[in-house]
Amino acid sequence: MNCRSSVEIITEWDIVAARQLGRNEAKKAGFGTVDQARITTAISELARNIYLYAGQGKIEIERVSEGGIFGIKIIASDEGPGIADLRKVMEDGYSTSGGLGAGMPGVKRLMDEFKVVSEVGEGTTITTTKWLH
Amino acid sequence: MNCRSSVEIITEWDIVAARQLGRNEAKKAGFGTVDQARITTAISELARNIYLYAGQGKIEIERVSEGGIFGIKIIASDEGPGIADLRKVMEDGYSTSGGLGAGMPGVKRLMDEFKVVSEVGEGTTITTTKWLH
Amino acid sequence: MPQEVGVQYKEIMKKYLESQSEEDLYVGQQFSRRFIEKNIAPEDVISIHKNALYELHPHLRKQVWDSFDFLIEMMIHYGLTLREHQSLVRKQEAIQMEMNVATKVQDTLLKTTSPNVRGLDVGWVSKPAQQMNGDYIYFLNQEHASSVAVADVMGKGIPAALCMSMIKFGMDGLQFENSSPRNVLETVNRIVEKGVDDSMFISMFYGKFDSTNGHFHYASAGHEPALYFDSATSSFAELDAKGLLLGVKKDAYYEERSIPLKAGDFVVMMTDGVTESRTEEGFVEMDTIQRLLVDVKNLPAQQMAEHLYNEIGGMQEFRLSDDFTIVIFKKELE
Amino acid sequence: MPQEVGVQYKEIMKKYLESQSEEDLYVGQQFSRRFIEKNIAPEDVISIHKNALYELHPHLRKQVWDSFDFLIEMMIHYGLTLREHQSLVRKQEAIQMEMNVATKVQDTLLKTTSPNVRGLDVGWVSKPAQQMNGDYIYFLNQEHASSVAVADVMGKGIPAALCMSMIKFGMDGLQFENSSPRNVLETVNRIVEKGVDDSMFISMFYGKFDSTNGHFHYASAGHEPALYFDSATSSFAELDAKGLLLGVKKDAYYEERSIPLKAGDFVVMMTDGVTESRTEEGFVEMDTIQRLLVDVKNLPAQQMAEHLYNEIGGMQEFRLSDDFTIVIFKKELE
Ligand SMILES: [Mn+2]
Ligand SMILES: [Mn+2]
Ligand SMILES: [Mn+2]
Ligand SMILES: [Mn+2]
């Protein structure tokens, strides 16, 4: 229960590879079609953020279990510019009006747990988990 | 271009009759499936309001045209208690949280034009139109 | 999402596919109303639909099922927006509660007492267009004089409310000897000019009835003229005086004028929410306002003010486009 | 909705049905993001989907197409919620703009000037947790004395802002001869008690440095104790005095106490946003605050205040759970 697979994000096509990996892992973990799509979308958003704002980084996917409940954990990390104002990034952007897609709040909503660690000039690591209910 | 059909709303099943009439008229007027469903939903809401709050009333449906554009007009009238606070009724109830369905603001959104005339103790008449775009 | 929703969905759809009746669609739509409450996202509905169709018609070609997977993918962002909506609704409710508290605070803070001076009958109405009133009435009561400030703060809501509290406390600090209309406006103008930035303007009419000589003294800071009714000739005149809006210029000068009030005469001070009331037929005419006032000129001032509000408010179905304020000073019959 | 959306949808779906590749799903989802912006409702998407499927596979059995009509019906309420969301977002934006104006008005209205009295070094920091600050600092400067009121209004946002303006104008009206801490609190208490309803409470610490004798006089209305640093012994003591919160009781009594300040001594007045700062490890200990102050005791008061804010704020990643206010009065070295 400790296999971690990962995809380097360098070009836009790596986003697709990360999605594919995520969907496969989600399926193997036992998630239904809709949750597979949600997990894949979360990965897609995280990978796009890396691609757009950090230039490059990594998506790691891990199957996890806690107290008999199974789930899938995604770790998105980069050594990009970091996030200066975390509060702002986590605010609802109201995707309806903005053109930036789901953004961080969207990823948070698609998954069950969510954590950002970011230091300006050092990079950003986002860890997010979804549990099989 | 002045045929007006109508349905008396007395029992819950008259709501279905009004919907049926509305859907047929909308289809005949040339609306697509989705707009047929929207017009039918608007009629459904209006008829339900009559059934629930006024006890009885009438839904009239009329094909209309204005400046070469065709449309469908719905007139929902009753001699019920009337609406004391129109401002409040027209406020967004945020259907997500409430259990009252679409309500007046919903009908307004489903259609293109919307007007309420209501007098306490006298009754309410709602006129709403949708145009073929 | 509960298993049972899927089962019911299938049953309702099955009936519809057999009958294609409006009744089944009605039942279906009534059923779907609960989805949002139950936190069922649109992509969940597609999945429920796919499963129901599969159970009813398992032998459709593979592309149909694949197409539903595609459709689910297309719906994910709708589901997100829906959740965003729910969080926004909660936020909105919190703001609403805050506004309710603010309105209560404002009401308590700005409460004013109608004057009670011999020979003068006073009536007033002030109705907000939205939740918080941007019009403001302040009465100053002295032994032989009754004064009123009628103000309209540009803008509405919270910033306006803050400005009004400033006016109130400014006027609370006024000394008796300085209560001539010109002095009051000059003083309040200095407070406003100092206290708020350039984006905030306030118009104010200040009227003072002096019971010792029966004169009405007034000054205006860019406010609507008042209406004076001369009972002897049964005619109206506008009362206006020169003066800039409050807060524009530090040392603004305000003209002061006066007029004797005879028994039965009255002065109507208003905000532009009254004179610029919009109905379906356009603006309410000054003639209409005057006619409405004449109709009730023999009633007490309070009833006159309420009559004017009921009539003009009624013309716009009480959906006011601006705050609506009237103060009537009426010289009593001996 | 534009015809062309349907054409593109069909093309993307066609590719997906042939390949079932993740790439096509990614392209599809990127495409679907624009739907909401383009005001395409979820029921429209079902209809687009149905048409695309029909063009690709026209010979599916009738029930498939009927089932899509059923699905459209089930989606109507989602479409309504989406439109409701858009109107709510606009409303929210309007409120946000109003709050921005209100914050500016409040800043201008409540601006206060740091004292400048011989022998006293003053520093202060006041940071709101949310947009509007519910903490309030008011400086009163006299020839031989510098005073400060540090207040915390229960509640936040608009109602708190209104209350603060009341305090400000109340204190503006204070006469010189009544500026002893006890008198100030008694006066402000009467204003607050009269002006606001029972749901509003305010805690306030009032400190006055008298440069004629070098004493610090203080009184407290249910506020956090201040911290006194004795430079001779390098130790801290709490300064507290008996007194009810403002607005609770009309004739509240406030104890007044005093302490001599020697060169290098300082007094730190704070709100509970400082002493009850929460970090991931729990509340910030008083020991920590004292240690942070001692570290910088030789710096100017303003730098001391900023240091404390940077350190304690930093522990919570500057996501303050309450407004954060510090005022430091430091007796200068001769
Ligand atoms: Mn106004
Ligand atoms: Mn106005
Ligand atoms: Mn507070
Ligand atoms: Mn606090």
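Quick note on labels: first sequence line is chain A, next is B, and so on, each numbered from 1.
Summarising the geometry, atom CD1 belonging to D:I72 is positioned 9.5 Å from atom CZ belonging to B:R38; distances are rounded to the nearest 0.5 Å. Atom CD1 in D:I76 sits 8.5 Å away from atom OG1 in B:T40 (nearest 0.5 Å). For the atom pair CD (D:E43) and OG1 (B:T33), the distance works out to 12.0 Å, reported to the nearest 0.5 Å.
Within 6.0 Å of atom NZ in B:K58, 12 or fewer heavy atoms from other residues, nucleotides or ligands are found, so the atom counts as exposed in its surroundings. Other residues, nucleotides and ligands contribute at most 12 non-hydrogen atoms within 6.0 Å of the OH atom of D:Y54. No more than 12 heavy atoms of other residues, nucleotides or ligands lie within 6.0 Å of CD in B:E79, so this atom counts as exposed by the packing criterion.
Between D:D69 and B:Q36 there is no side-chain heavy-atom pair separated by less than 4.5 Å. No side-chain heavy atom of D:I46 sits less than 4.5 Å from a side-chain heavy atom of B:V34.
Within residues 17-24 of chain B, the residues having any heavy atom under 4.5 Å from a heavy atom of chain D are, by residue number, B:R19, B:R23.
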Determine, stepwise, if the pair B:T41 / D:E73 fulfils side-chain contact (heavy atoms from CB on, under 4.5 Å). CA-CA 8 Å; B:T41 304; D:E73 206 76 18; 4.3 Å; yes
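Residues forming a side chain to side chain contact (heavy atoms under 4.5 Å, CB included) with B:E119 (at least two apart in sequence, or on another chain): B:E122.
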